[in-house]
Amino acid sequence: MTFQRARTDEQRSERRRQILDAADAMLTEMTVAELSLSALSRRVCLAKANVLRYFESREAVLLELLATQVADWVAALEREAVPTGGGSRKRGERLAELLAVSMARRPVLCDLFSSQAAVLEHNISAEVAIRHKRTARKSLGNLTALVARYLPELGNDGASTLVETTLLTAMAAWPCSRPPQAVLAAYASDPALAAMRIDFTDAVRRTVEVTASGLIARQENLKATVT
């Protein structure tokens with residue numbers, strides 16, 4: 001950091017980026033629930049009041065970080081080659097594998113996703129909420145377009161439904177796949193209980209496969225009814 005006080009738009013943007021980078025790094029060491037504004041302030045060597053000059057709250061910082069994480073994830077997915085051969089089932093399986101594995105490799109993204117509705121969308125202004133939702137809408141549109149390229153049989157509405165179901169599953173499965181120590185001890189004590197442990201990648205993969213198959217079958221039934 002080569003300046004003490006951000007005076008220009010460029011310096012203010014750089015300061016915001018430094019705060020976001022610090023939050024990102026901290027979330028590789030702790031969960032969203034453990035990351036406090038005080039700890040973040042110490043990491044960037046600023047008083048809390050100075051951090052709040054750039055973001056109105058801890059939640060606003062993390063929402064913007066979520067938006068960045070989602071955009072990076074979708075951009076990485078878009079760089080993958082879209083399969084053109086094989087039936088819808090095979091293409092659906094490839095898509096399910098890609099979505100599940102790529103999310104599992106991004107634990108910060110998954111933690112932010114799982115905290116979005118219950119935590120991150122609280123303690124923010126309407127202005128921040130509007131900006132966040134508009135950014136999210138763009139990323140969801142790009143992800144829906146990607147899904148539609150894998151499975152054109154779904155159409156845009158079906159692809160949008162598959163994206164929504166995938167993300168909701170990920171939001172729920174992530175914290176469930178990371179149980180606290182007492183629950184881990186319970187699993188370790190009894191094989192019957194251990195079978196209840198959720199595997200995040202498997203849960204997302206199965207959900208995408210089953211949902212895609214169901215949506216395609218429904219589309220086919222609708223076409224058969226019309227004809």
- Query: Please, which pairs that meet salt bridge (Lys or Arg N to Asp or Glu O under 4.0 Å) have at least one residue in residues 59-71, sequence neighbours excluded?
  - Reply: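 Sorted result for residues 59-71: R16-E64.
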
- Query: What salt bridge (Lys or Arg N to Asp or Glu O under 4.0 Å) pairs are there with at least one residue in residues 180-201, not counting sequence neighbours?
  - Reply: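 Listed once each, the pairs would be none.
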
For a 4.5 angstrom cut-off between non-hydrogen side-chain atoms, does [X] reach [Y]?
X    : Y    : answer
L46  : R15  : yes
T207 : T166 : no
E153 : R91  : yes
E14  : Q18  : yes

- Message: Using 0.5 Å steps for rounding, measure from the OG1 atom of T68 to the CG atom of L63.
- Response: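 With rounding to 0.5 Å, OG1 (T68) is 11.0 Å from CG (L63).
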
- Enter the distance from T161:OG1 to N156:CG here, rounded to the nearest 0.5 Å.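 Between T161 OG1 and N156 CG, I get 9.5 Å after rounding to 0.5 Å.
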
- Task: Kindly write out the residues that satisfy ring pair (Phe, Tyr, Trp, His ring centres under 6.0 Å) with F200, not counting sequence neighbours, or none if the list is empty.
- Result: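 Expected list: W174.
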
- Message: The criterion is salt bridge (Lys or Arg N to Asp or Glu O under 4.0 Å); which residues satisfy it with R105, sequence neighbours excluded?
- Response: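 Listed in chain order: nothing, the list is empty.
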
- Message: Treating R12 as the side-chain partner and Y54 as the backbone partner, does any N or O pair qualify as donor plus acceptor under 3.5 Å?
- Response: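 Flag not set: sc R12 to bb Y54 has no pair under 3.5 Å.
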
- Query: Taking the side chain from S102 and the backbone from L99, do they hold a donor-acceptor pair closer than 3.5 Å?
  - Reply: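 Pair found, side chain donor or acceptor close to backbone of L99.
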
Report all side-chain donor-acceptor pairs from residues 108-117 shorter than 3.5 Å, counting only partners two or more places apart or in another chain.
{"residue": "D111", "atom": "OD2", "partner": "V32", "partner atom": "N", "Å": "2.8"}
{"residue": "S114", "atom": "OG", "partner": "C110", "partner atom": "O", "Å": "3.4"}
{"residue": "S114", "atom": "OG", "partner": "D111", "partner atom": "O", "Å": "2.9"}
{"residue": "S115", "atom": "OG", "partner": "D111", "partner atom": "O", "Å": "3.0"}
{"residue": "Q116", "atom": "NE2", "partner": "E121", "partner atom": "OE2", "Å": "2.9"}
{"residue": "Q116", "atom": "NE2", "partner": "H132", "partner atom": "NE2", "Å": "3.3"}

Return the minimal non-hydrogen interatomic distance between [X] and [Y], and the atom names on each side.
X    : Y    : result
A118 : H122 : O-CD2, 3.2 Å
I124 : A60  : CG2-N, 4.0 Å
D24  : Q69  : OD1-NE2, 3.2 Å
L40  : A23  : CD1-N, 3.8 Å
L215 : G158 : CD1-O, 3.5 Å
A104 : T201 : CB-OG1, 3.3 Å

- Is it true that R94 and E80 have a side-chain N and a carboxylate O under 4.0 angstrom from each other?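 Here R94 does not pair with E80 in a salt bridge, since their nearest N and O are not under 4.0 Å apart.
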
- Task: Consider only side-chain heavy atoms of I, L, V, M, F, W and Y, link residues closer than 4.5 Å, and tell whether V208 and V82 are in one cluster.
- Result: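 Yes: a chain of side-chain contacts under 4.5 Å links V208 to V82.
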
- Query: Under 4.5 Å between side-chain heavy atoms, hopping through other hydrophobics if needed: is there a path connecting M103 to I198?
  - Reply: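 Shared cluster, no.
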
- Begin from the C-alpha positions of R58 and V119 and carry the test side-chain contact (heavy atoms from CB on, under 4.5 Å) through to its verdict. CA-CA 10 Å; R58 177 193 81 115; V119 178; 3.4 Å; yes

- Task: Take L35 and V61, measure what side-chain contact (heavy atoms from CB on, under 4.5 Å) needs, and give me the verdict at the end.
- Result: CA-CA 11 Å; L35 193 156; V61 175; over 6 Å; no

- Task: Apply side-chain contact (heavy atoms from CB on, under 4.5 Å) to the pair K48 and V51, showing each step before the final yes or no.
- Result: CA-CA 5 Å; K48 282 197 292 185; V51 172; 5.6 Å; no

- Is it the case that more than 12 heavy atoms not belonging to M30 sit under 6.0 Å from its CE atom?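 It does: M30 CE has more than 12 such atoms within range.
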
- Take atom CD of E34 as the centre, draw a 6.0 Å sphere, and report whether it contains more than 12 heavy atoms from other residues, nucleotides or ligands.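 It does: E34 CD has more than 12 such atoms within range.
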
- Message: Show, in sequence, the C-alpha distance, side-chain angles and deciding distance for F55 and L20, and conclude whether the side-chain contact (heavy atoms from CB on, under 4.5 Å) test is met.
- Response: CA-CA 10 Å; F55 295 92; L20 289 169; 3.8 Å; yes

- Message: Against T165, only a single residue in V163, L168, T169 fulfils side-chain contact (heavy atoms from CB on, under 4.5 Å); can you say which?
- Response: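 Exactly one candidate clears the test, T169.
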
Considering only distance and modelled atom types, tabulate donor-acceptor pairs under 3.5 Å from the side chains of residues 138-151, sequence neighbours left out.
{"residue": "T144", "atom": "OG1", "partner": "L140", "partner atom": "O", "Å": "2.8"}

